[in-house]
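Just below is one structure, and these are the notes that go with it.
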Amino acid sequence: MTSGPYQGYVYAYPHKTAYRPLDPRPLLSDIWAGERRDALFLYMHIPFCEMRCGFCNLFTRTGASEELTHAYLDALQRQARAVRHAVSDARFAVAAFGGGTPTYLTAAELERLFGIARDDMGADLSLIPLSVETSPATATPDRLAVLHAGGTNRVSIGVQSFIDAEARAAVRPQKRAEVDTALANIRDTGFDKLNIDLIYGIDGQTADSWRYSLDAALSWKPEEIYLYPLYVRPLTGLGRRAQDWDDQRITLYRQGRDHLRASGYEQVSMRMFRLAEPVGTPQMNVDSPTYCCQSDGMIGLGCGARSYTGRLHYSFDYAVGARHVRTIIDDFVQRPAADFAHAEAGFTLDSDERRRRHLIQALLQTEGLERSTYRTRFGSDALDDFPTLETLADRGWLAHTGDRLTLTDDGLAHSDEIGPGLFSPAVQALMSTHQAR
């Protein structure tokens, strides 16, 4: 097990730094042959932002011209048509537009993006959950109107802090007035769900200032709030200011967790908190398929998107540094349609890796791992397959409750240590030899 509570955010397994070029490049039609395609996740990646925050290690480019964004949408459409041809019977159960910042696009460009999802990919966005990310500077009424008309039911906005000085310390130059205007625009547009992202561990942040941002967020009654620890990563704007502030971050995490729980939010994971829905809240169309991340696949469109089947996770090249990101995007927009019929880089999951992915995906959520479901799927017991789980139990981080394995409160607080510690030696070796760019 790795040491220290902040080893890495595990939002997917394996991480893209474990991907390697696929030689020969397999056809998408072969990759998806024999896979379930009736309840897929559609992800569309827009790799553009108006600015790059100091903590950001996403695949994104700032200051893109209209000429470039048009060319990118052209390439995205070529890719969509090639993918749809290879997976013609795909049916989507959930969708998300991420980035970057999708609302960096103009209102007209967003309409085209929705058209690609609808007309070229065959996704009926009016029947399935659709989440779109935005920012204070780009959550304008005209853009939000397009999102709403297109079927978006959840908008996620990265605020990070409601205090201008803290935003500047995170190299995110924004003003509180701009944030409030954006949130008012989102609420006025009438989306079903609003998510607000906040960050703890910023230089100069105190318990009082953290409470101030939490209360400012709560004043908008968001249906969801994500609390992110500040990470200082290579090739980011804060990368040269690394210091040991684990105690501060975990103290602020616990403060935020307890405050949100007391305010009526249920904890879904270390980061996610959800306001309980009132009894009788209308649900999505019951005739639409239901997506399960453990058993259903994802189709990602865009140069920073990943896709996965039960056995292969794949994507294009990956980078963080601005120069390399520009090179990858410039290559993407020039690709002919035939290029998009293949997978370029990826990772093949054997039986052990599929077990690990199931364990990690389940254990880092508050619902935890159902042992009987694991046993039905894999023919073995998770406790036998992963003896390290007993170590977690000995630390007080894992609880056995009937058929279920769940992280305790202390375990959830150490999710960013537990998750990376469950990576296989093979994945750890690939990640360690990945050349950061």
Side-chain angles (χ1 to χ4, degrees), residues 42-53 56-84 95-121 123 125 130-152 155-158 172-174 178 182 185-186 189 299-307 315-337 339-340 344:
L42 175 63
Y43 179 74
M44 302 181 74
H45 178 244
I46 304 299
F48 305 118
C49 289
E50 73 277 7
M51 62 182 177
R52 182 152 199 152
C53 304
C56 177
N57 74 332
L58 297 178
F59 184 100
T60 190
R61 174 174 178 171
T62 60
S65 66
E66 191 171 283
E67 179 183 6
L68 178 58
T69 57
H70 283 5
Y72 185 82
L73 290 173
D74 288 343
L76 198 68
Q77 186 170 44
R78 293 195 298 273
Q79 183 187 20
R81 290 173 176 174
V83 172
R84 186 67 177 176
F97 299 165
T101 307
T103 50
Y104 181 87
L105 300 178
T106 66
E109 289 172 329
L110 286 169
E111 288 180 346
R112 186 177 178 197
L113 181 66
F114 276 89
I116 293 170
R118 180 185 62 248
D119 302 330
D120 296 299
M121 286 304 298
L125 301 178
L130 169 62
S131 178
V132 181
E133 297 174 14
T134 190
S135 68
T138 62
T140 56
D142 59 335
R143 291 178 171 98
L144 295 174
V146 174
L147 302 190
H148 192 267
T152 306
V155 170
S156 178
I157 183 168
R172 184 182 178 89
Q174 66 187 24
E178 181 181 56
N185 289 340
I186 292 169
T189 305
I299 290 179
L301 300 180
C303 59
R306 67 185 178 93
S307 303
S315 70
F316 291 97
D317 199 3
Y318 173 75
V320 174
R323 179 171 62 87
H324 294 291
V325 170
R326 285 196 300 269
T327 298
I328 294 172
I329 294 174
D330 290 344
D331 170 74
F332 179 85
V333 301
Q334 295 170 12
R335 285 175 178 257
D339 262 13
F340 295 121
E344 301 242 334

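- A distance of 11.5 Å separates CD1 of I186 from OG1 of T152, quoted to the nearest 0.5 Å.
- The side chain to side chain donor-acceptor pair (under 3.5 Å) test applied to T327 returns no partner, not counting sequence neighbours.
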Test log, rule side-chain contact (heavy atoms from CB on, under 4.5 Å), inputs D331 and F316: CA-CA 11 Å; D331 170 74; F316 291 97; over 6 Å; no
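- Contacts of T106 classified as side chain to side chain donor-acceptor pair (under 3.5 Å), with partners at least two apart in sequence or in another chain: E109.
- C49 is not listed as a side-chain neighbour of S135, based on a closest heavy-atom distance of 4.5 Å or more.
- Residues meeting the side chain to side chain contact (heavy atoms under 4.5 Å, CB included) test with D74, sequence neighbours left out: R78, R112.
- The distance from atom CG of L105 to atom CG of L113, rounded to the nearest 0.5 Å, is 6.5 Å.
- Between F332 and Q79, the closest heavy-atom pair is CZ-OE1, 3.6 Å.
- Residues P102 and I46 share a closest heavy-atom pair of CA-CB, 3.9 Å.
- Atom CG in L301 sits 11.0 Å away from atom OH in Y43 (nearest 0.5 Å).
- Here the straight-line distance linking atom CG of L130 with atom CG of L42 works out to 9.0 Å at 0.5 Å rounding.
- Although no hydrogens or angles enter the test, the distance criterion places a donor-acceptor pair under 3.5 Å between the side chain of R172 and the main chain of G158.
- No side-chain heavy atom of T189 sits less than 4.5 Å from a side-chain heavy atom of L147.
- With sequence neighbours excluded, the residues forming a ring pair (Phe, Tyr, Trp, His ring centres under 6.0 Å) with F114 are F97, listed by chain and number.
- Of the possible polar contacts, none joining the Y72 side chain to the I329 backbone as a donor-acceptor pair under 3.5 Å is found.
- A search for ring pair (Phe, Tyr, Trp, His ring centres under 6.0 Å) contacts involving Y104 returns nothing, not counting sequence neighbours.
- Side-chain atoms of I299 and M121, non-hydrogen and from C-beta on, do get closer than 4.5 Å to each other.
- Rounding to the nearest 0.5 Å gives a distance of 9.0 Å between CG of D120 and CG of L76.
- The heavy-atom pair separating V333 from A75 by the smallest distance is CA-CB, 3.8 Å.
- No donor-acceptor distance shorter than 3.5 angstrom exists from the side chain of S315 to the backbone of A305, with no hydrogens or angles considered.
- For the residue pair A107 and R143, the shortest heavy atom distance occurs at N-CG, 4.2 Å.
- The two residues Q174 and P136 have their closest heavy-atom pair at OE1-CG, 3.7 Å.
- With rounding to the nearest 0.5 Å, the separation of CG in D317 from CD1 in I328 is 4.0 Å.
- Looking only at side-chain heavy atoms (C-beta outward), L73 and Q77 stay at 4.5 Å or farther from each other.
- Between C303 and P47, the shortest heavy-atom distance links the atoms SG-CG, 4.1 Å.
- The side chain to side chain donor-acceptor pair (under 3.5 Å) test applied to R118 returns no partner, not counting sequence neighbours.
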